[in-house]
Every structure is written in structure tokens, then in C-alpha cells.
J.: 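Okay, here's the structure, questions in a sec.
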Amino acid sequence: MTLFESIHNPEALKRLSADRLPVLAREIREFLIESCAQTGGHLGPSLGVVELTIALHRVFDSPKDPILFDTGHQAYAHKVLTGRHDFTDLKSEGGLSGYPSRAESEHDFIENSHASTALSYADGMAKANEVQGRTDRTVVAVIGDGALTGGMAWEALNNIAEKKNRRLVIVVNDNGRSYSPTKGGLADHLASLRMNPGYEQALDLAKTTLNRTPVVGQPLYEALHGLKKGIKDTIQPQIMFEDLGLKYLGPIDGHDEQALEKALRRARDFGGPAIVHVITQKGKGYAPAENHDEDQFHAPGPFDVDTGKAKPGPKVEKWTSVFADTMVELGGEREDIVGITAAMLHPTGLNKFAEVYPERTFDVGIAEQHAATAATGMAMNGLHPVVAVYATFLNRCFDQVLMDAALHKQGVTFCLDRAGVTGNDGASHNGVWDLSILQVVPGLRLAAPRDAARLRSLLREAVAVEDAPTVVRYPKGAVAEELPEIGRVGTMDLLRRPADGGLSKDLLIVGVGTMAQVACEVADRMADQGIGVTVIDPRWVKPLDEALVAEAAEHSVVAVVEDNGRTGAVGDAVSRLLRDHEVDVPVRTFGIEQEFLDHAKRDRILQQQGLTPQELSRRLTETVSRRGEGTRTTRELADETA
């Protein structure tokens, strides 16, 4: 049995002698590397905080002292030290979540992976302790330096600094990176403090010299501790955290476990809010990660342990790549197009645009709200910004889309990667909200391409709009097989139609985005049963083309299929459109139930939600059959009356 396998809770960890801890850290790293090589996962961030996590659990009493991770990318070592040793099915159905999970352990408190939130949770928990008279508890928040680029973190810091006796420790995990190198003035400030040799040399010289002095050396060093701030102010003026009124300790070597324990104990015993500034190396202990320029193995797929190279898989075109290539083309055609990302340059594919047009690319850090409003300002001043963001992260800047971009009728294009069900990253990463929340934004236009050709064309149409915000949403992974239209209904693509002189128009299916592929499979299955099905891809799902009204009126039933939450999404918009035009055709809506989805593969989640061709065909066949029976019954009653 390895040493880490004997650790099932923090109490067992605390019983280890200090000389065993380097062995434990090495074993945890080896375990994480071997595990993530098989499953993929957030390896780089977790390798960087192994010693820090050990120190946290030796100094604090989790779960009485809650340890909050911002973001949960850093939490794999935490999982191991709290007894979760089976990473076999990491991020797969039935296995461990890729983030902290309240369902997994009493040591996990927050599980959303949206950054810059932990300090607000911590502030609330510390206030709750104060109100309830719990003076023996400390709240701990571990926040990456990248998350400090988010405005919500600074709102929290402002409140945390308000009261000097709330027991709250903030650990700033400073590795100079979020996904990619951290951007912005704060990042530059931390980097200069981290890298300034004068500061460290001055402190080391003072400590070394005084500690050599017999008897009085150590007391004198402690007495002269006040000089430390003077040295900092001389070499690195206006240390930001102390200016906020928070006790500051650091920088501390994040891979020196004993130094970390000492600093954390001082912060804990201070009795009020304190910040421990820890310098770590993302990917620590695994050379391929340490030397990986793009993101230091932030979230690799399965890879070969010896080389770090990704394991070969089928070569497929991905949605992100289609967006990336199209952006480069558009940049060459129009000098006013600029790209904006919120610390997601490579994950969104905007890095290709940045390589060709660096002066027209802006990474604002983990600050989606700022990205949306800054984009609006750019549009006001003659540019056409394209904001590349994951669909789940658009939730964070809804107010800015509504009250800044839309209210001012500005041409800003938002491109939503990972829209719909993404699967293995779990509840916080599924992009199943945008089709609902964006329906209420006046003037906004929203496109959902079904394949690569449509993504290219719809992105071009979107950036041509200058009097309103536009949105283009597309999923994660491989691009679906191209699905050509057989005709047009207004601006919509006609994909299936009952054969002339053959089947009647029993059912109209509106297939949204990639679900148009599923809708066509449903139509083919139902045609084999003698049911006439028309399939339309609206392309632009907001606003809907009113040509849909006349088309719907010719059918007995209308169905809408989408991979978004059902409430308030395209299905509801279609129903409302038909009601407004007094078209009394029943509408069935098929989408995601309004719930947070557990991590599993996309196909598995769609199956669970009944969004497969087989299940949809069965349910819609029953609907059409019941509708036909109801129609015949009405006719029979009419004949009897006559």
C-alpha cells in the first residue's frame, strides 16, 4: 500500500511526521499523472497545489473549517486527501466529478466551476459564523491569481476587509496563469512582486545575518519585523492587499510544505481576515506539463505518460476549429472586426485570430461582464467586436448583454462555444440556458447552426448586423455531418418534406441547431410508418421567421427539438408565435428538463432526456396517432349531428 492510500481523512494526514510529507506529495503527483493519462482531467492546476493542499489539511480542521476552491480545477489533491482514491471513471457517469462535489464528500462545499466566486462564499460563511457565535472556526478560500481578475472577487474583498475580527484566510495561488498566462494590471503587479530579486534578497540577507547573531539574533529579527513592510514599500510600493486593510503574508514558496504550514498557522491564529500569497508552478513535477506553453496541461485528454503526447484518436473537424478559421477569414476581409475573450483564448479558438491579428485581439481575464460592455464601447466607436465565450459563461454577463449591448442597439457578436449539452464537465459547464435567457432581450438575434457550413454562413450574417447584438451558438466536439437543405421556407432551411402525392402533412418538426440532424432521422423513421413529416431548420431562432406560421398551419402537429432547457426556449417561442397568429395547432416541445445534469457523455445525457431518434419517433408517432383519432372522432360526431 502506498502512503497516500493510507490517508482517508485529514486526521490521518495530521498524524504523519513531517519527514514523510515529501514522499506523500510525490505519490499523489504520480497517482494524478497516471490517472489523468487514462481519463483526461484538470492535471496541471492540481499538480501545482499538492504541497499547498497537504498544508491546508494539516493546519485547518475540515469540514469544520471549510476549504473553498476557486476554481475547482485545483481540487484533485484535495479529493485524494479526503479519501477519494478511485479516479478510474473521473468525469464519467458514475465516477468522480471533475470538480468539488457536495454529493461526494462532506469536505466539498462549493461545486460550481465559475471563477471569482469563492471569496463571496467565504465572506458569507464567515459572517454566519460571527452571527451564530462560532469563534472556533476559520473559513479558508483558495483562489487562483487568474480568478482575481474577476470583478466579483474584488467586491468580496471590499466586504471582507470591513470587519477586522472575522476568521477568514485567503490563499492566493499565484502561478501566473489561469488557463493561459494571466492578463491585466493585477497579474503584472503580482508577477513583479513574485519576480523582484531585490525584495527577496533583502529579506534573505536580513534573516540570515540576524539569525547568525548569538542569543539576540532571532528576537532581534522578530523585533525588526516592522522593517519588512518598509523594505516592501521601497522595492515594491503600495502592496495592494495591505492597502485594502488585510493582513498580508508572503510571498511563500508554494512547494515548501513546512513554510506553507508556518504561514497558514500564522494566518489562522491572526484571528481576522488574512491573505497568504503562495507562489506555485502549474504542472509541477511532470516535465511535459511544466514545459507546455499553451496551458501547462490545464485539462488534457488521455495522454502517454512517458511523452505527454495525446493518445491518438480519430481526426475530426471540431466546431471550435471552424469558428477559428472563419474568424481569420473575416479578419482579412474587414479591418473593423476584433476578437475579445475572457481568459479563454485557446479553448475558444480565438488564438488563431490572435496569431494573425494580435493588435485586434483582447484577452480581458476572467471578466465576462467587462468583456461584454467593453465590446459595446468598441462597437460605439466604429469596431465590430466578436466576443468568444463558453455558453455557460454567458450567464455571467446577461445584464451587460441586455442593458449595454442591446439597449444601445450596438453590433456586438457573441459566439457561444460549448452550447447545449457538453457532458463530462458536469452541471456548471452544460450550456443549456442561453436559448431561454436570451429570448427576453429586445432586438437580439440568435443563430443556431446545424453543421460547419451553416456555422460559417451564419457567423458571416451575424457580423453584418450593426444595429443589434447577435449570438451564434454551437456545441463542443466534432462537427456533425453536413446536412444540405432541399429548399427554403422564407429564410429557413427545408430539410425534409413528405413525397409529392404520397404522405400527408402530419407533423412539422423544427430542429434547432445540431438537433436538426436528429429531427431528420426521426422523419425518416416515421415515413417508414406512413407518417408524413416536414423538417425545418430555422437557422435564426430569434426572431423566428413568420413564414413558420403558414407552414405550421398546414400540419396536424408541430414539434420543436432543442438541446436547451425547455422552459422559455425555442419551443415556447414557437408556441407563442402560433398563438399570436391564432393558429390552433398543438405544439410539442422536446428539450432538457430544468435541472442540473450530472456528468456523463453527451450521448448518454441526450438518451436520458429522451432526445434520441428512437425515443422521439415513438413519442411523436403516438402524438400523431392520437391527433388523428381525435380528428376522426370529431368528424364522426359532426356526421351524427348532421
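The first residue in the sequence is number 1, and the count goes up from there.
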J.: So, for F323 and L455, which heavy atoms are closest and what is the spacing to 0.1 Å?
T.: N-CD2, 3.9 Å
J.: For the side chain of T623 and the backbone of R619, is there at least one donor-acceptor N/O pair under 3.5 Å apart?
T.: yes
J.: Sub-3.5 Å donor-acceptor pair from the side chain of E104 to the main-chain atoms of S97, do we have one?
T.: yes
J.: So V322 and V479, do their side chains get closer than 4.5 Å, heavy atoms only?
T.: yes
J.: I need the L458 CG to L446 CG distance, nearest 0.5 Å.
T.: 10.5 Å
J.: To the nearest 0.5 angstrom, please state how far the CD atom of Q517 sits from the CG atom of L495.
T.: 8.5 Å
J.: Can you measure from CG (L96) to OG (S105) and round to the nearest 0.5 angstrom?
T.: 10.0 Å
J.: If we count only N and O atoms by modelled type, under 3.5 Å, do the side chains of H555 and T534 hold a donor and an acceptor together?
T.: yes
J.: Are side-chain N/O atoms of D404 and T373 paired as donor and acceptor at under 3.5 Å?
T.: yes
J.: Provide the closest heavy-atom pair for P498 versus S504 in the form atom of the first, atom of the second, distance.
T.: CG-O, 3.8 Å
J.: Would you say H42 and T71 are linked by a side-chain donor-acceptor pair, where the criterion is simply a distance under 3.5 Å?
T.: no
J.: Answer yes when R473 and D417 have at least one side-chain N-carboxylate O distance shorter than 4.0 Å, and no when they do not.
T.: no
J.: If you take all heavy atoms of T612 and V518, which pair is closest and at what distance?
T.: C-CG1, 4.3 Å
J.: With no hydrogens and no angle check, do the side chains of T39 and D89 hold a donor and an acceptor under 3.5 Å apart?
T.: no
J.: In this structure, is the centre-to-centre distance between the rings of W433 and Y390 below 6.0 Å?
T.: no
J.: Side chains of D325 and K352: closer than 4.5 Å at any heavy-atom pair?
T.: yes
J.: Would you mind checking if E481 and R450 are paired as a salt bridge, meaning a charged N to carboxylate O distance below 4.0 Å?
T.: no
J.: Check step by step if side chain to side chain donor-acceptor pair (under 3.5 Å) holds for T491 and D545.
T.: CA-CA 7 Å; T491 61; D545 190 328; 2.7 Å; yes
J.: Does K601 pair with D603 as a salt bridge, N-O distance under 4.0 Å?
T.: no
J.: Parallel under 30°, tilted from 30 to 60°, perpendicular over 60°: which one fits the rings of Y99 and H73?
T.: tilted
J.: From K505 NZ over to L507 CG, what is the distance, rounded to the nearest 0.5 angstrom?
T.: 12.5 Å
J.: When rounded to the nearest 0.5 angstrom, what distance separates OG1 in T413 from CD in E466?
T.: 8.0 Å
J.: Step by step, would you call D70 with L68 a side chain to side chain contact (heavy atoms under 4.5 Å, CB included)?
T.: CA-CA 7 Å; D70 189 344; L68 316 177; over 6 Å; no
J.: So which atom in A406 and which in P442 form the shortest heavy-atom distance, rounded to 0.1 Å?
T.: CB-O, 3.8 Å
J.: If we ignore angles and hydrogens, is there a donor and acceptor under 3.5 Å between the side chains of E93 and H599?
T.: no
J.: Taking the basic N atoms (NZ, or NE/NH1/NH2) and the acidic carboxylate oxygens, is any pair closer than 4.0 Å for R445 and D467?
T.: yes
J.: Please report whether the ring centroid of H370 lies less than 6.0 Å from that of F362.
T.: no
J.: Apply side chain to side chain contact (heavy atoms under 4.5 Å, CB included) to the pair M526 and D506, showing each step before the final yes or no.
T.: CA-CA 10 Å; M526 295 180 71; D506 297 309; over 6 Å; no
J.: Main chain of T348, side chain of T320: is a donor-acceptor contact present, judged purely on distance under 3.5 Å?
T.: no
J.: Are the charged groups of R454 and E485 less than 4.0 angstrom apart, N to O?
T.: yes
J.: Would E562 and R588 pass as an ion pair if we require N to O under 4.0 Å?
T.: no
J.: Measuring from atom CG of N424 to atom CG of L90, what distance do you get when rounded to the nearest 0.5 angstrom?
T.: 9.0 Å
J.: Has Q594 got a side-chain atom pairing as donor or acceptor with R566's backbone, closer than 3.5 angstrom?
T.: yes
J.: Dump the intermediate steps for side chain to side chain donor-acceptor pair (under 3.5 Å) on S428 and H114, then the final yes or no.
T.: CA-CA 7 Å; S428 64; H114 290 190; 5.1 Å; no
J.: Would a 4.5 Å heavy-atom cut-off, applied to side chains only, mark P100 and I110 as touching?
T.: no
J.: Answer yes or no: is there a side-chain heavy-atom contact under 4.5 Å between V561 and I509?
T.: yes
J.: Salt bridge check: are R496 and D537 linked by an N-O gap of less than 4.0 Å?
T.: no
J.: Quick one: do E615 and R618 make a salt bridge, cutoff under 4.0 Å?
T.: yes
J.: Report yes or no: do E595 and Q609 form a side-chain donor-acceptor pair below 3.5 Å?
T.: yes
J.: Report yes or no: does K542 contribute a side-chain atom to a donor-acceptor pair with the main-chain N or O of V441 at less than 3.5 Å?
T.: yes
J.: Show your reasoning for whether side chain to side chain contact (heavy atoms under 4.5 Å, CB included) applies to V574 and L544.
T.: CA-CA 8 Å; V574 169; L544 289 165; 3.7 Å; yes
J.: Got a salt bridge between R460 and E333, using NZ or NE/NH1/NH2 to carboxylate O under 4.0 Å?
T.: yes
J.: Which heavy atom of A519 sits nearest to which heavy atom of G511, and what is that distance?
T.: CB-CA, 4.3 Å
J.: Is any side-chain heavy atom of L620 closer than 4.5 Å to one of V522?
T.: yes
J.: Taking Q410 for its side chain and H408 for its backbone only, find out whether a donor-acceptor pair lies under 3.5 Å.
T.: yes
J.: Verify, without hydrogens or angle tests, whether S321 (side chain) and E317 (backbone) share a donor-acceptor contact under 3.5 angstrom.
T.: no
J.: Run R627 and S556 through side chain to side chain donor-acceptor pair (under 3.5 Å) and show every step you take.
T.: CA-CA 7 Å; R627 180 67 174 170; S556 298; 5.3 Å; no
J.: Check step by step if side chain to side chain contact (heavy atoms under 4.5 Å, CB included) holds for T514 and W319.
T.: CA-CA 11 Å; T514 56; W319 289 95; 3.5 Å; yes
J.: With respect to T361, which candidate in I340, V338, L345 satisfies the side-chain contact (heavy atoms from CB on, under 4.5 Å) definition?
T.: L345
J.: So, are E461 and R539 salt-bridged, with charged N and O less than 4.0 Å apart?
T.: yes
J.: Counting C-beta onward and ignoring hydrogens, is there a side-chain heavy-atom pair between L444 and V401 closer than 4.5 Å?
T.: yes
J.: Is there a donor-acceptor pair under 3.5 Å between the side chain of S92 and the backbone N or O of G95?
T.: no
J.: Determine whether a donor-acceptor pair (N or O, by modelled atom type, separation under 3.5 Å) exists between the side chain of E551 and the backbone of A547.
T.: no
J.: Salt-bridge test for D434 and R418: reply yes if a basic N is under 4.0 Å from a carboxylate O, no otherwise.
T.: no
J.: Taking all heavy atoms of K91 and all of G41, pick out the closest pair and write down the distance.
T.: CD-CA, 4.2 Å
J.: Please report the C-alpha distance between N430 and T392 in whole Å, then the side-chain angles of each, then the deciding distance to 0.1 Å, and finally whether the side chain to side chain donor-acceptor pair (under 3.5 Å) criterion is met.
T.: CA-CA 6 Å; N430 287 306; T392 182; over 6 Å; no
J.: Mark yes or no for whether N564, through its side chain, and L435, through its backbone, hold a donor-acceptor pair below 3.5 Å.
T.: yes
